[in-house]
Amino acid sequence: MGVNNFKPKPIVATDEEKYYLEKLEKFLTHFSNSDHRQLPRIVSPEGEELELPKSVFLLLSQLISQLVQGKGVVISTFNLPLTVEEVAMLLDFPRQHLIKLLNDGEIPSTGKGIRRRIQFADLMAYKQKWEELRHEAVVDIAQMSHEAGVYFTAHQQTHKPMNIPARHSKE
């Protein structure tokens, strides 16, 4: 394996590109939402066709989505297996919180100290579990609020001013 000379550079779409990016976004969204068995293909100037690998298709979809929203993008890379710092960044967790999760066995890891590594599949399994638990908690809170009579749908809400008595000052 060669030396990694990747130097991330910020990518920002020009105003002239936005029209084509919006068309591309619609195309990719339609493609990912349909039952296509094959991924999109690119064609070389010589006419050779290559199917995009799924990872490239997903990257392209995410990249275009951000550019259409007017955001700049910087591609970030990480090693496999992942370091503690990389996992903390990907989960947006403080490093110490992640170390506690690793020590408690919530996320499997190998090695100790600076040599500790986490498999990408284990990280994704933890993330999926966490998202499912968070979704269940939101559903439970909504159900409890509904049962307590404090949960309203948008069409049930009224915007009546609250009747708050004025404070009387002592003079």
Side-chain angles (χ1 to χ4, degrees), residues 1-102 104-111 114-142 154:
M1 200 182 234
V3 175
N4 184 356
N5 292 324
F6 178 68
K7 303 262 189 273
K9 296 176 185 162
I11 302 166
V12 179
T14 65
D15 289 337
E16 296 81 27
E17 294 173 320
K18 293 211 175 162
Y19 169 78
Y20 297 103
L21 287 169
E22 288 170 359
K23 286 184 81 160
L24 258 173
E25 182 181 41
K26 286 179 186 173
F27 173 78
L28 294 174
T29 300
H30 171 74
F31 208 94
S32 65
N33 291 339
S34 65
D35 290 333
H36 286 95
R37 300 271 185 250
Q38 291 183 329
L39 291 168
R41 297 175 171 276
I42 58 172
V43 181
S44 74
E46 295 79 30
E48 182 183 359
E49 290 187 22
L50 287 173
E51 183 176 296
L52 289 178
K54 187 171 185 173
S55 58
V56 174
F57 174 75
L58 294 172
L59 175 66
L60 191 58
S61 297
Q62 291 178 21
L63 174 72
I64 290 171
S65 173
Q66 296 304 305
L67 292 173
V68 164
Q69 294 176 45
K71 296 179 181 178
V73 177
V74 175
I75 296 173
S76 177
T77 62
F78 52 86
N79 299 306
L80 293 176
L82 300 157
T83 65
V84 171
E85 289 75 18
E86 290 167 332
V87 172
M89 180 203 59
L90 290 169
L91 290 175
D92 196 21
F93 281 0
R95 188 175 176 279
Q96 286 309 115
H97 178 67
L98 175 61
I99 289 172
K100 181 179 180 337
L101 292 173
L102 295 170
D104 292 347
E106 291 287 324
I107 304 172
S109 65
T110 58
I114 63 169
R115 302 226 185 276
R116 194 171 214 171
R117 298 290 183 262
I118 299 95
Q119 293 297 324
F120 187 73
D122 293 332
L123 168 63
M124 292 295 102
Y126 174 80
K127 205 170 173 182
Q128 177 69 31
K129 179 179 127 185
W130 179 248
E131 288 172 5
E132 288 170 5
L133 289 172
R134 187 173 55 209
H135 176 74
E136 289 173 15
V138 169
V139 169
D140 289 346
I141 290 168

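All residue numbers in this chain count up from 1 along the given sequence. Only heavy atoms go into these numbers, but all of them, side chains included; no hydrogens, no water, no symmetry mates.
Between atom CG of residue Leu59 and atom CZ of residue Phe57 there is a gap of 11.5 Å, rounded to the nearest 0.5 Å. Here CG of Leu63 is found 12.5 Å from CG of Leu58. Values are rounded to the nearest 0.5 Å. For the atom pair NZ of Lys26 and CG of Leu28, the computed distance is 13.0 Å after rounding to the nearest 0.5 Å. Rounding to the nearest 0.5 Å gives a distance of 8.0 Å between CG of Leu21 and OG1 of Thr14. How far NZ of Lys23 is from CD1 of Ile64: 13.5 Å, rounded to the nearest 0.5 Å. Between the CD atom of Gln66 and the CD atom of Glu25 there is a distance of 9.5 Å, given to the nearest 0.5 Å.
Under the rule for a side chain to side chain contact (heavy atoms under 4.5 Å, CB included), the partners of Ile42 that lie at least two apart in sequence or sit in another chain are Leu50, Leu52. Partners of Glu46 under the side-chain hydrogen bond (donor to acceptor under 3.5 Å, both in side chains) rule, at least two apart in sequence or in another chain, are Ser44. Listed by chain and number, the residues in a side chain to side chain contact (heavy atoms under 4.5 Å, CB included) with Thr110 are Arg117 (sequence neighbours excluded).
Taking all atoms of both residues into account, the shortest heavy-atom contact from Ala13 to Leu67 is N-CD2, 3.8 Å. For Arg116 against Ser109, the heavy-atom pair with the smallest separation is NE-OG, 3.1 Å.
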- Start with the C-alpha gap between Lys9 and Val74, add the side-chain angles, then the distance that decides, and say whether side-chain contact (heavy atoms from CB on, under 4.5 Å) holds. CA-CA 6 Å; Lys9 296 176 185 162; Val74 175; over 6 Å; no

- Message: Walk me through whether Ile107 and Leu98 qualify under side-chain contact (heavy atoms from CB on, under 4.5 Å).
- Response: CA-CA 9 Å; Ile107 304 172; Leu98 175 61; 3.9 Å; yes

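Listed by first and then second residue, the salt bridge (Lys or Arg N to Asp or Glu O under 4.0 Å) pairs that reach into residues 11-21 come to none, sequence neighbours excluded.
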Which atom pairs, donor and acceptor, lie under 3.5 Å between side-chain atoms of residues 75-83 and protein residues at least two apart or in another chain?
residue: Asn79; atom: ND2; partner: Glu86; partner atom: OE2; Å: 3.3
residue: Thr83; atom: OG1; partner: Glu86; partner atom: N; Å: 3.2
residue: Thr83; atom: OG1; partner: Glu86; partner atom: OE1; Å: 3.3

Side-chain polar contacts of residues 120-136 - donor-acceptor pairs under 3.5 angstrom, sequence neighbours left out - could you list them?
residue: Gln128; atom: NE2; partner: Glu132; partner atom: OE2; Å: 2.9
residue: Lys129; atom: NZ; partner: Glu106; partner atom: OE1; Å: 3.3

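Judged by distance alone, with hydrogens and angles left aside, the side-chain atoms of Ser65 form no donor-acceptor pair with the main-chain N or O of Ser61 at under 3.5 Å.
No more than 12 heavy atoms of other residues, nucleotides or ligands shown are found within 6.0 angstrom of OH on Tyr20. Other residues, nucleotides and ligands contribute more than 12 heavy atoms inside 6.0 Å of the CZ atom of Arg41.
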